[in-house]
Amino acid sequence: MSKGVLPGQTGVDDASGWVTLQRVIFPEHSEMDTAPLYVDMGTAAGMPAPSEQEARRQGRRPVRLSSQAREAHAEDFTGRCSTRVRPGERVSFGSYFNAFAAGYWRKWTTLSKVRLSVSTRGEGTIVVFRSNAKGALLQQKSIPVTGDQTSVVDLDLLPFGDGGWYWFDLVAGRGELFLESAEWQAPGPAPERATVTLEITTLNKTSYCLNNLRLLADHPECLEQVTEVLIVDQGTDKLVEATGFDEVASRLEDKLRIIEQSNLGGSGGFSRGMFEACENGSDYVLLMDDDVVIEPESITRLLTFAAYCRKPTLVGGHMFDLHHRTALHTLGEIVNPHRIQPDQPYGEMELGHDFLTSNLRQTPWMHRRVDVDYNGWWMCLIPTSVIREIGLALPIFIKWDDVEFGLRAKAKGYQTVSLPGAAVWHISWGDKDDLVGWQAYFHNRNRLMVALLYSPFARGGRALVGALFADIKHTLSMQYATSQGRVWAMQDLLKGPRELHGTLSTTLPRIRTMLASHSDTVYKSDPEAFPTAQKEQSLGGSAAVSSRPSLKMMLPWGLKTLRKQLFTDVSDRDRAVPQTRIAHQDNKWWTVSQFDSAIVTNADGTGASWYVRDPRLAKSLLMNAVGSLAQIVRNWDDLAARYKAALPELTSRESWAKTFAEHTISDTREKSSQAVGERA
């Protein structure tokens with residue numbers, strides 16, 4: 001470890017003049033399910049096998065297995081930065097958290113070279129590797145070690161124009177080989193130390209918040225540059241009243257601040273974090289979701305990378321699946337300009353890539369640098385200088401606020417980087433009913449608003465066509481509450497931007513009232529709450545799951561299904577007794593649309609709702625959706641001009657300050673100042 005530098009802190013080794021960029025780290029013993037993200041015991045060829053290439057040509061997802069020589073053992077991790085390699089064995093640090101993403105540092109920072117410094121004890125070999133953007137693996141240097149030894153290797157960043165990584169392996173000799181510490185370093189002097197406000201927006205997720213506050217308290221080295229840890233609590237289950245809060249608050253001392261305000265959604269909570277970071281003079285704000293588990297080292301890595309960027313840059317962390325901890329949700333996202341939908345930059349990328357079944361060294365597409373349009377606000381570092389110039393989040397409550405901000409920053413010349421090696425664990429979208437229920441309104445309105453603001457195509461390209469198809473699919477699926485919310489979204493979009501701030505706290509209650517009147521969004525957790533489905537009373541016992549119609553059959557199949565849904569009555573028996581029960585993974589529009597009534601399980605498996613076909617309501621919803629879309633088409637240019645003209649005021653600190661003043665309930669900083677004044 002660099003002399004005179006705290007663990008995790010960016011500083012200069014007084015003896016060598018080298019600055020710590022990234023430490024090699026290991027998981028806690030209680031987190032061994034994440035070990036493949038830190039160390040790699042398997043082998044790797046580095047290029048896809050012919051069978052994989054053939055699978056890709058055929059449009060199939062290839063199956064790859066890294067050869068796991070053995071599993072990592074908790075007892076081998078002797079500290080946060082140290083480990084043991086057993087006699088005769090090999091451990092690779094070509095892993096997500098410990099390899100060095102050279103392609104990103106080459107592209108976005110001022111560095112042209114780095115140094116690997118490895119301190120070992122015992123007999124063995126250090127083998128240094130690099131990859132290119134195609135995933136080919138190249139050995140750089142082999143260093144025999146013995147006794148207590150610190151080995152350094154200077155490495156050039158020039159060959160990494162399109163991507164590639166550096167890493168090293170440790171090979172033990174006849175005895176044990178201990179890694180005491182390892183760092184990726186840069187030549188000094190160190191950049192000027194920056195400050196950051198770490199902000200978490202929460203809504204009734206007290207257990208997650210307390211867990212992350214404990215993680216931060218357990219890793220004080222990651223808080224060296226943190227001005228304050230700000231929790232914006234917008235829920236009814238107050239964090240300050242939770243069991244265990246006082247204990248963790250005492251450990252964080254005066255760094256912890258709680259602001260309680262009305263539920264203004266994610267955009268209101270995160271904007272509060274941006275606003276307060278500007279007010280307290282922080283150089284950055286680090287926005288984080290509440291329902292995540294963080295890797296604390298990520299905080300230091302984001303700040304360090306940002307400090308070396310050529311100009312102010314938004315730096316985001318990746319998202320791993322909280323229920324499948326070795327699966328990376330995505331390596332980076334762009335907005336598809338034709339459809340105005342999140343998309344992957346490259347076709348070969350895989351959502352939910354599992355490092356347990358295919359390690360970094362064995363997965364060529366992960367070596368190509370991924371340039372993005374935005375980073376999700378599950379973890380995103382934003383310079384306050386950028387906020388002061390372009391404003392805070394758009395007041396749209398939830399969904400697309402992070403996308404819009406990234407696009408707005410990009411339009412002003414500020415890039416977003418999704419940085420490998422910095423991440424949180426978060427529930428993936430596949431485990432949420434993310435596009436139905438109350439969220440459907442915000443998805444539809446905000447997506448179309450982003451299209452009005454940023455689409456390079458006349459009338460938004462295919463954005464409106466996509467919206468129409470979504471309306472049809474939800475209506476055919478008997479998701480009438482969702483369809484109603486989507487119609488409201490378009491109607492409110494047509495009203496223009498003036499009332500966005502004023503409706504932040506009123507839209508969701510209005511939607512929830514509407515949802516309660518539709519059976520498809522009323523969930524019951526008791527399996528016996530519904531009548532036994534007709535299919536369950538017969539042989540077979542479960543729904544026949546339909547396959548998706550082929551493109552050739554889509555038109556005749558769609559017309560037949562639409563005719564049934566809109567013009568065929570539902571029998572009294574099917575209204576009184578559901579025809580079938582459908583599991584969430586089978587809840588596809590081409591399956592659900594074939595029934596007149598069904599019990600459908602929700603995404604997290606905690607309950608189910610009863611879908612019942614209603615031809616009259618379906619016709620009304622589709623007519624309203626088509627009519628609203630037609631109005632948007634006719635008024636597209638005028639609407640786009642109005643939203644663009646209003647954007648600076650809507651996102652200004654002054655506008656948000658008025659909203660916060662109206663909706664703030666309490667602020668522990670103000671309470672503390674008031675108490676001091678009273679004692680004086």
Side-chain angles (χ1 to χ4, degrees), residues 201-204 232-237 260-272 393-401 404 432-450 452 467 470-471 474-475 477-523 602 607 609 611 614 616-618 620-629 631-632 639 642-643 646 650 655-656 658-665:
T201 297
T202 187
L203 180 76
N204 301 332
V232 178
D233 191 342
Q234 302 186 135
T236 54
D237 183 11
E260 295 179 357
Q261 66 182 28
S262 305
N263 184 12
L264 305 178
S267 69
F270 290 128
S271 286
R272 189 62 183 262
L394 193 62
I396 53 178
F397 193 78
I398 196 171
K399 302 301 177 187
W400 287 86
D401 45 349
E404 188 281 326
K432 293 184 177 183
D433 285 316
D434 198 49
L435 294 174
V436 298
W438 67 270
Q439 298 181 81
Y441 170 96
F442 298 104
H443 268 293
N444 199 31
R445 185 198 64 174
N446 300 346
R447 171 177 170 261
L448 294 179
M449 196 181 301
V450 168
L452 287 167
D471 290 326
H474 287 299
T475 305
S477 300
M478 300 179 285
Q479 295 169 339
Y480 299 131
T482 295
S483 296
Q484 181 64 75
R486 290 178 58 84
V487 169
W488 283 4
M490 291 184 284
Q491 292 172 346
D492 287 350
L493 183 76
L494 285 162
K495 294 176 183 177
R498 172 180 287 186
E499 298 301 321
L500 283 178
H501 269 282
T503 58
L504 269 173
S505 62
T506 61
T507 300
L508 181 58
R510 174 185 169 222
I511 293 172
R512 289 199 183 283
T513 300
M514 178 270 291
L515 296 180
S517 66
H518 291 272
S519 67
D520 55 284
T521 49
V522 177
Y523 292 97
N602 64 1
S609 58
Y611 290 15
D614 185 333
R616 181 176 298 179
L617 178 58
S620 174
L621 288 169
L622 276 180
M623 288 176 62
N624 288 336
V626 171
S628 297
L629 281 167
Q631 282 187 268
I632 294 173
L639 277 173
R642 289 165 63 192
Y643 277 95
L650 289 171
S655 293
W656 273 108
K658 294 176 183 177
T659 299
F660 296 143
E662 181 180 348
H663 292 283
T664 297
I665 300 169

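Side-chain contact between Thr506 and Glu499: absent, with no pair of heavy atoms (C-beta onward) separated by less than 4.5 Å. Side-chain contact between His663 and Leu504: absent, with no pair of heavy atoms (C-beta onward) separated by less than 4.5 Å. Considering only heavy atoms from C-beta on, Arg510 stays 4.5 Å or farther from Thr503 through its side chain. Proximity of Asn263 to Phe397: side-chain heavy atoms (C-beta onward) are separated by under 4.5 Å at one or more points.
Aromatic pair Trp400/His443: ring centres not closer than 6.0 Å.
Within the 3.5 Å criterion, the main-chain N or O of Glu260 finds no donor-acceptor partner in the side chain of Asp233. A donor-acceptor pair is defined here as one N or O able to donate and one able to accept, closer than 3.5 Å; no such pair exists between the side chain of Asp471 and the backbone of Arg486. Side chain of Tyr441 to main chain of Thr507: no donor-acceptor pair is present (N/O by atom type, distance under 3.5 Å, no hydrogens or angles). Distance alone, capped at 3.5 Å, is enough to place a donor-acceptor pair between the Gln234 side chain and the Gly265 backbone. One N or O on the side chain of Asn446 and one on the backbone of Ile396 form a donor-acceptor pair closer than 3.5 Å. Of the possible polar contacts, one joining the Asn204 side chain to the Asp237 backbone as a donor-acceptor pair under 3.5 Å is found. A distance-only check finds a donor-acceptor pair linking the side chain of Ser517 to the backbone of Met514 [under 3.5 Å].
Thr659 OG1 to Leu650 CG: the interatomic distance, rounded to the nearest 0.5 Å, is 10.0 Å. Here the CD atom belonging to Gln439 is positioned 9.5 Å from the CG atom belonging to Leu508, to the nearest 0.5 angstrom. Here the CG-OG distance, from Leu515 to Ser609, works out to 11.0 Å after rounding to the nearest 0.5 Å. Taking NE2 from His518 and CD from Gln479, the interatomic distance works out to 12.5 Å, rounded to the nearest 0.5 Å. Going from atom CD of Gln261 over to atom CZ of Phe660 covers 6.0 Å, rounded to the nearest 0.5 Å. Interatomic distance, NZ of Lys658 versus CD of Glu662, reported as 11.5 Å (0.5 Å rounding).
Residues Tyr480 and Asp614 approach most closely at OH-N, 2.9 Å, considering heavy atoms. Between Leu493 and Ile632, the shortest heavy-atom distance links the atoms CD2-CD1, 3.9 Å. Across all their heavy atoms, Ala440 and Thr482 have their closest contact at CB-CG2, 3.5 Å. Taking every heavy atom of both residues into account, Ser267 and Asp401 meet most closely at N-OD2, 3.2 Å. Summarising the geometry of Ser655 relative to His501, their closest heavy-atom pair is CB-NE2, 3.7 Å, with the distance given to 0.1 Å. The shortest non-hydrogen separation linking Thr475 to Ser483 is OG1-OG, 3.1 Å.
The closest side-chain donor-acceptor pair between Thr201 and Arg272, if any, does not fall under 3.5 angstrom.
Legend: salt bridge (charged side-chain N to carboxylate O under 4.0 Å, His left out) pairs involving residues 436-448, not counting sequence neighbours: none detected.
Ser519 meets the side-chain contact (heavy atoms from CB on, under 4.5 Å) test with no other residue; sequence neighbours excluded.
Under the 30°/60° scheme for interplanar angles, the aromatic rings of Phe442 and Trp438 are found to stand perpendicular.
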### Task
Please lay out, stage by stage, how Thr521 and Gln484 fare under the test side-chain contact (heavy atoms from CB on, under 4.5 Å).
CA-CA 12 Å; Thr521 49; Gln484 181 64 75; over 6 Å; no
